[in-house]
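One structure below.
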Number of protein chains: 4
Amino acid sequence: MPIVSEEHKRKKKRQILIGALTCFAKKGYEVATIDDIVRYSGVSKGAIYNYFKKKEDIYVELFNLITKESFDQIIEQLKRLNSSFDKIHSLFDFYLEENPSSLNLNESTIVQLEFQLSSSRNADLMKILDGMYKKANLEIVIQVLVEGIQAGEIKKEINTEIYAEIFLSFIDGLYLQKLLFPDIPFKDVINEQKLSFIHSIKK
Amino acid sequence: MPIVSEEHKRKKKRQILIGALTCFAKKGYEVATIDDIVRYSGVSKGAIYNYFKKKEDIYVELFNLITKESFDQIIEQLKRLNSSFDKIHSLFDFYLEENPSSLNLNESTIVQLEFQLSSSRNADLMKILDGMYKKANLEIVIQVLVEGIQAGEIKKEINTEIYAEIFLSFIDGLYLQKLLFPDIPFKDVINEQKLSFIHSIKK
Amino acid sequence: MPIVSEEHKRKKKRQILIGALTCFAKKGYEVATIDDIVRYSGVSKGAIYNYFKKKEDIYVELFNLITKESFDQIIEQLKRLNSSFDKIHSLFDFYLEENPSSLNLNESTIVQLEFQLSSSRNADLMKILDGMYKKANLEIVIQVLVEGIQAGEIKKEINTEIYAEIFLSFIDGLYLQKLLFPDIPFKDVINEQKLSFIHSIKK
Amino acid sequence: MPIVSEEHKRKKKRQILIGALTCFAKKGYEVATIDDIVRYSGVSKGAIYNYFKKKEDIYVELFNLITKESFDQIIEQLKRLNSSFDKIHSLFDFYLEENPSSLNLNESTIVQLEFQLSSSRNADLMKILDGMYKKANLEIVIQVLVEGIQAGEIKKEINTEIYAEIFLSFIDGLYLQKLLFPDIPFKDVINEQKLSFIHSIKK
DNA sequence: CATGAATGAGACTTCATTCAT
DNA sequence: CATGAATGAAGTCTCATTCAT
């Protein structure tokens with residue numbers, strides 16, 4: 001099989017990462033074993049170590065993948081909208097609806113949450129998260145708010161960073177709540193907060 | 001008749017739990033070892049196993065302890081206040097300020113977050129969390145809102161559960177954000193969201 | 001069993017080292033496994049790691065032990081002799097006769113040879129060997145020669161370091177030859193070289 | 001008829017062996033990996049396994065190669081000399097000077113030493129070494145001594161085998177010492193031993 | 001023949017738990 | 001009850017060897 005295309009390599013890596021996603025989501029990074037990933041990805045142990053030098057690297061690359069894919073999707077989604085408020089609606093909705101990514105949203109979410117926790121204890125992970133996350137999340141929201149101000153739709157007095165933080169805190173927290181209490185009517189919770197949020201920033 | 005007093009036992013258990021709190025906060029439940037707890041608590045390994053049957057039991061009891069102490073404190077704090085809005089202010093502030101508990105707040109917070117994540121993967125933990133957490137958090141907020149409605153300070157149309165969820169999601173998320181970006185002006189973020197929140201429910 | 005005497009600990013360590021000696025001698029450091037050492041020492045895997053942080057540490061401590069024991073024995077043996085030539089005879093004989101140490105001489109020899117080879121490839125090992133070996137071997141021989149000069153038995157023109165090197169090279173090489181060709185009459189080889197050596201340095 | 005010429009095969013094999021020589025010298029047989037050999041030889045892993053059935057075979061053939069080349073060189077060198085003492089001088093000098101072989105002497109030396117150690121633990125290797133080494137080394141020295149006796153230059157009472165052993169022990173040991181203490185003035189050590197040796201056998 | 005991706009046995013090491021003292 | 005040495009299952013990772021292309 002050797003002398004294999006770059007394409008093949010990328011596919012194999014993705015196959016491993018998707019297997020790892022399920023494992024890490026189900027059991028958590030520490031508890032999930034390489035053998036679990038072997039089982040879920042269908043890739044042999046040796047092959048996994050051809051693509052990743054150590055378990056942690058799988059974790060990091062998986063986080064990058066998840067973040068990048070959701071980032072791309074948000075960007076795509078926002079491009080199609082004009083009004084800032086539509087965009088804000090869209091942001092609120094984004095994180096909580098199934099989307100067409102090949103990555104399972106629930107799995108991605110829990111892995112992302114755990115990665116964030118891990119990062120708070122590990123300087124190396126933190127650096128990665130800092131680079132990825134800030135761009136991928138904080139900046140997007142700030143950008144939407146800034147555009148809204150420029151378009152005269154949003155009050156210019158508001159501190160965009162603070163409102164972006166409010167938004168992200170709410171979303172992150174909602175993820176957690178959803179994990180814990182799957183039965184709560186999250187749609188309604190989102191809608192109420194959405195209104196509240198928009199009301200606070202609307203001109 | 002026990003050979004050592006119940007009092008002594010309780011003290012020893014607490015000593016272990018406080019050591020464990022630091023360990024779990026610093027490294028996470030899976031990575032922290034019993035030997036770490038030995039080091040941090042000053043209690044020998046054998047003794048630890050006299051008080052707890054397994055590592056997980058330490059985790060569960062620690063979570064109970066943290067939850068109970070913060071619960072007691074909140075209740076205490078709320079009792080001293082009359083207006084519903086004062087209580088809501090107080091709730092917002094509670095989680096983010098140092099408080100007089102013997103338990104370190106930052107440590108408690110990260111352990112609680114991790115426990116919640118663990119719960120979402122482990123039915124046994126989930127049952128414990130379900131019992132504790134709902135009471136200790138959701139119900140408190142709902143209770144404050146209900147009292148506010150009865151006192152005529154808060155709109156009676158609002159769905160108290162939804163607003164309690166909004167509150168908790170925001171707080172949980174803020175915890176995470178704080179772990180990740182310790183430099184952000186959280187006081188301001190809280191104040192803005194506080195205003196937003198109160199505005200939405202005020203009569 | 002805990003709260004155990006230092007004596008007990010030293011014994012256990014020695015038990016492990018003696019097991020390791022056999023394993024390393026039989027298979028070589030790289031090929032011998034921790035499980036081999038478990039089998040030969042009768043000490044469980046976990047216990048071994050209570051006494052040694054890693055496999056290499058066993059190797060190093062074993063080398064130290066072998067070196068120290070043979071050093072002590074040589075010193076003891078030399079102390080009982082007066083004439084320099086008796087001492088030189090004794091040195092030649094020392095390495096090739098069974099001695100009363102609890103350590104098997106053949107095993108010790110091959111482990112020492114391998115350790116020397118390893119050292120030439122590993123700076124850390126080299127440092128250890130440099131400290132131990134030089135003192136333990138080169139210095140002893142030089143000392144005997146210097147005393148012989150002072151006593152007027154040995155020519156004062158000779159370079160003691162060079163003759164010590166000749167002696168050690170011969171002995172080291174003889175070890176190797178003995179491993180390879182156990183049937184050769186080593187006693188005779190030693191005797192001839194002994195005469196030759198003494199002749200060269202005798203006043 | 002073979003698809004590639006025997007000549008090509010021999011060249012490729014030699015290329016692999018020379019790469020392996022560097023690897024085994026640098027890291028030792030056990031620690032050096034096939035991938036190391038791939039890197040150093042520039043021959044792909046699959047190709048290596050076309051020419052050698054297993055790693056050990058590379059080791060054995062490498063040892064054969066080294067031994068044969070040095071054997072040929074010594075023979076060549078000795079042929080040009082007449083006096084037995086010149087030959088003995090030449091033998092002493094041979095092992096410690098750079099020579100025109102394509103094989104690096106230092107690398108060859110350490111690989112040879114390690115191979116000898118390995119042999120003492122492995123009957124298969126021992127058989128190979130027994131065949132090669134005895135011819136290549138012991139016999140050469142004996143032959144020179146015998147010729148010296150016949151030529152009336154060397155005492156006829158000496159046991160040639162014993163003196164050959166003395167010579168080889170000294171050389172082997174000197175190799176080891178050189179690895180361990182590269183700074184020692186080996187030229188002087190050799191010269192002294194040379195004189196000693198010749199003095200003992202001279203008529 | 002050449003290539004290098006794939007395989008999995010097996011190495012080292014850690015750590016929750018037990019138990020002799 | 002307290003202690004910490006002992007245990008061994010189980011995890012991560014390496015690497016000789018195979019084999020599809």
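Values below: every heavy atom of this structure, side chains too, minus hydrogens, waters and symmetry copies. Letters A, B, ... are given to chains in the order of the sequence lines, protein chains preceding strands, and every chain is numbered from 1.
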**Donor on one side chain, acceptor on other, D36(B) and T33(B), under 3.5 Å** = yes
Which whole-number value in Å describes the distance from [X] [atom1] to [N] [atom2]?
X      : N       : atom1 : atom2 : result
K53(B) : dT18(E) : NZ    : C1'   : 14 Å
Q15(C) : dA5(F)  : CD    : P     : 15 Å
K54(D) : dT17(F) : NZ    : C1'   : 12 Å
K12(A) : dG4(E)  : NZ    : P     : 17 Å
I48(C) : dA11(E) : CD1   : P     : 14 Å
I58(A) : dG11(F) : CD1   : C1'   : 13 Å
Y59(C) : dC12(E) : OH    : C1'   : 17 Å
E6(A)  : dG4(E)  : CD    : C1'   : 13 Å

**Message:** Classify the ring geometry of F24(A) against Y29(A): parallel below 30°, tilted from 30° to 60°, perpendicular beyond 60°.
**Reply:** perpendicular
Could you list the donor-acceptor pairs under 3.5 angstrom formed between side-chain atoms of residues 43-50 of chain D and any protein atom two or more places apart in sequence or on another chain?
{"from": "S44(D)", "atom 1": "OG", "to": "A47(D)", "atom 2": "N", "distance (Å)": "3.2"}
{"from": "K45(D)", "atom 1": "NZ", "to": "D35(D)", "atom 2": "OD1", "distance (Å)": "3.3"}
{"from": "K45(D)", "atom 1": "NZ", "to": "D35(D)", "atom 2": "OD2", "distance (Å)": "3.3"}

**Message:** Can you list everything that forms a side-chain contact (heavy atoms from CB on, under 4.5 Å) with S119(D)? Sequence neighbours excluded, please.
**Reply:** L180(C), F115(D), L125(D), M126(D), L129(D)
**Item:** Pairing residues for K13(A) by the side-chain hydrogen bond (donor to acceptor under 3.5 Å, both in side chains) criterion, not counting sequence neighbours
**Value:** E61(A)
**Request:** Under the side-chain contact (heavy atoms from CB on, under 4.5 Å) rule, what do R121(A) and I110(B) come out as? Steps first, then yes or no, please.
**Result:** CA-CA 10 Å; R121(A) 291 174 179 131; I110(B) 192 164; 3.8 Å; yes
**Complete:** The correct set of residues in residues 118-127 of chain D placing a heavy atom under 4.0 Å from DNA chain F is none
**Message:** Does anything in residues 30-46 of chain B come within less than 4.0 Å of DNA chain F? Heavy atoms only, and list the residues if so.
**Reply:** S44(B), K45(B), G46(B)
**Fill in**
Of all heavy-atom pairs linking V111(A) and A25(A), the shortest is CG2-N, 3.7 Å
Using atom types as modelled and distance alone, determine if a side-chain donor or acceptor of [X] lies under 3.5 Å from a backbone N or O of [Y].
X      : Y      : value
Y40(A) : L21(A) : no
Q15(C) : S41(C) : yes
K55(D) : A32(D) : yes

**Asked** Heavy-atom distance under 4.5 Å between the side chains of Y59(C) and E114(C), does that happen here?
**Response** yes
**Asked** To the nearest 10 degrees, how far apart in direction are the end axes of the helix from dA2(E)-dT21(F) to dT21(E)-dA2(F), each fit to five base pairs?
**Response** 0°
**Request:** Identify which nucleotide among dA16(E), dC1(E), dT17(F) has an atom closest to any side-chain atom of K55(D), counting heavy atoms from C-beta outward.
**Result:** dT17(F)
**Fill in**
Assign each of N50(B) and Y49(A) the nucleotide of DNA chain F bearing its closest heavy atom; nearer the 5' end lies the nucleotide of N50(B)
**Fill in**
By nearest-nucleotide position on DNA chain E, the 5'-leaning member of E56(C) and A47(D) is A47(D)
